[in-house]
Amino acid sequence: MTDVKRALTAQRIETPSWAFGNSGTRFKVFAQPGVPRSPEEKIADAAVVHKFTGIAPTVALHIPWDKVEDYAALSAYAQDQGVKLGAINTNVFQDDDYKLGSVTNPDPGVRRKATDHMLECVDIMDATGSRDLKLWFSDGINYPGQDDLRNRQDRLHAALREAYDRLTGDQRILLEYKLFEPAFYATDVPDWGTSYAHCVELGERATVCIDTGHHAPGTNIEFIVAFLLRQRKLGAFDFNSRFYADDDLMAGAADPFQLFRIMYEIVRGGALDPAYGINFMLDQCHNIEAKIPAIIRSVMNIQEATAKALLVDRDALTKAQNDGDVLEANAALMDAYNTDVRPLLAEVRADAGLDPNPVAAYKRSGYQEKIVADRVGGQQAGWGA
């Protein structure tokens, strides 16, 4: 049990700046009182999540949503708040120029604009000390024949190559994928295989980012995790949950058993330790629920899934697998999943000097009332109402 507690204490989860701003669906953004008005206030809210959970010491930025004049100063501000700046996320999907795509657009001028933005984000990484350049492309086509599918892959590779070659030190690319949306016919990076193939072509500093909400129904995400770990090509997660087509619910909300299965593969692959290099990040935009408590609960949900994964009797599981005992092998997983790990996590938090109940502690802190009183006219997460 000591090893389990040590692993849980060392666990790290990155929070996203955009999760703290007003956000919604395609139809409506429901504004909430007290949401941040600036990147600094987003960072302050992220620092509060870390204060009460103890395992969320970094916050990801989204450019240009979090654009500032002095990124070194922003990094120093984050450190003063008790956190650090994490992944830098690009935005090549909101400008009118990107109607037909960004880096895969048939117009070379638009492709140049999109690639220059990616290079700008590497410059920001230099200033903030961030390791990860996070790339997601909405690029795709709506109709057969609208554009050449192979040419678009060539254009994608050219942009990725230019950004990759700009990286220095331990910097790396995290290439995300999404099954569909907004393209109706073909998406240029629709699945983990496409992302993986491009990352292999680029080199060792290009890795795949798995967004848990970006798959077809019934997709075995833990298989993808196991495969990419075997290839040393899993660089990051975007944790969230979904019931139908997209993400943005709290991690573990729709299928906590799936989250457990994913975390078991992480534990089994020896990839939970931060030294392994995986960026475990939340990617959520809360529409009707309070922002900070939702992020805290998401962190707690991942902690619970991780704790259960760590409790799997690996020896019993391996023996059952080798013996071909189907029921006992399944039981080894289910016994761990059905364990109530909340008392264990309460002990881990207490040992770290934290309140055993982070949500209750946050509610008692008065922070929510303070930001409601102090902040007027909170900022959108990045997209319009």
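Numbers for residues simply follow the sequence, beginning at 1.
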**OP:** Inspect the contact between Asp355 and Arg349 and indicate whether a charged nitrogen and a carboxylate oxygen are less than 4.0 angstrom apart.
**Re:** no

**OP:** Find out whether Leu282 and Ile302 are in side-chain contact, i.e. whether some heavy atom of one side chain is under 4.5 Å from a heavy atom of the other.
**Re:** yes

Original post:
Which pair of non-hydrogen atoms, one from Glu265 and one from Val225, has the smallest distance, and what is that distance?
Top reply: CB-CG1, 3.9 Å

Original post:
How are the rings of Trp192 and Tyr196 set to each other: parallel, tilted or perpendicular (split at 30° and 60°)?
Top reply: tilted

Original post:
Parallel, tilted or perpendicular for Phe260 and Phe257, by the 30°/60° rule?
Top reply: parallel

Original post:
Do Phe93 and Phe137 make the cut of ring centroids closer than 6.0 angstrom?
Top reply: no

Subject >> Within-4.5 Å side-chain heavy-atom neighbours: Leu175 and His198 >> reply: yes

Original post:
Does the ring of Tyr98 carry Lys113 above it, NZ/CZ under 6.0 angstrom from centre and within 45° of its axis?
Top reply: yes

Original post:
Does anything in residues 215-225 pair up under side chain to side chain donor-acceptor pair (under 3.5 Å), and if so which pairs, sequence neighbours excluded?
Top reply: Tyr177-His215, Glu222-Arg261

**OP:** Find out whether the Lys NZ or Arg CZ of Lys291 is both under 6.0 angstrom from the six-membered ring centre of Phe20 and within 45° of the ring's axis.
**Re:** no

Original post:
Is any side-chain heavy atom of Asp283 closer than 4.5 Å to a side-chain heavy atom of Met281?
Top reply: yes

Original post:
So, do Val348 and Val4 sit near enough that their side-chain heavy atoms are less than 4.5 Å apart?
Top reply: no

Original post:
Do Asp107 and Leu100 touch side chain to side chain, with heavy atoms closer than 4.5 Å?
Top reply: no

Original post:
Of the non-hydrogen atoms in Gln284 and Pro16, which two are nearest, and what is the gap between them?
Top reply: N-CG, 4.3 Å

Original post:
Can you tell if the side chain of Tyr362 reaches within under 4.5 Å of the side chain of Thr53, non-hydrogen atoms only?
Top reply: no

Subject >> Cation-pi geometry met for Arg12 and Phe280 (6.0 Å, 45°) >> reply: no

Original post:
So which of Met118, Met125, His117 actually passes side chain to side chain contact (heavy atoms under 4.5 Å, CB included) with Cys121?
Top reply: His117

Original post:
Is there side-chain contact between Thr58 and Leu85, with at least one heavy-atom pair below 4.5 Å?
Top reply: no

Subject >> side chain to side chain contact (heavy atoms under 4.5 Å, CB included), paired with Lys134, selected from Leu61, Ile88, Asn89 >> reply: Asn89

Original post:
Got a second to check how far Ile288's CD1 is from Phe30's CZ, nearest 0.5 Å?
Top reply: 8.0 Å

Original post:
Is there a side-chain contact between Gln153 and Asp188, using heavy atoms and a 4.5 Å cut-off?
Top reply: yes

**OP:** Identify the heavy atoms of Asp66 and Ala60 that sit nearest to each other, and give their distance.
**Re:** OD2-O, 4.5 Å

Original post:
Does Ile141 belong to the same Ile/Leu/Val/Met/Phe/Trp/Tyr cluster as Val110, with side-chain heavy atoms less than 4.5 Å apart forming each link?
Top reply: no

Original post:
Under 6.0 Å between ring centres, would you say that holds for Phe184 and Tyr143?
Top reply: no

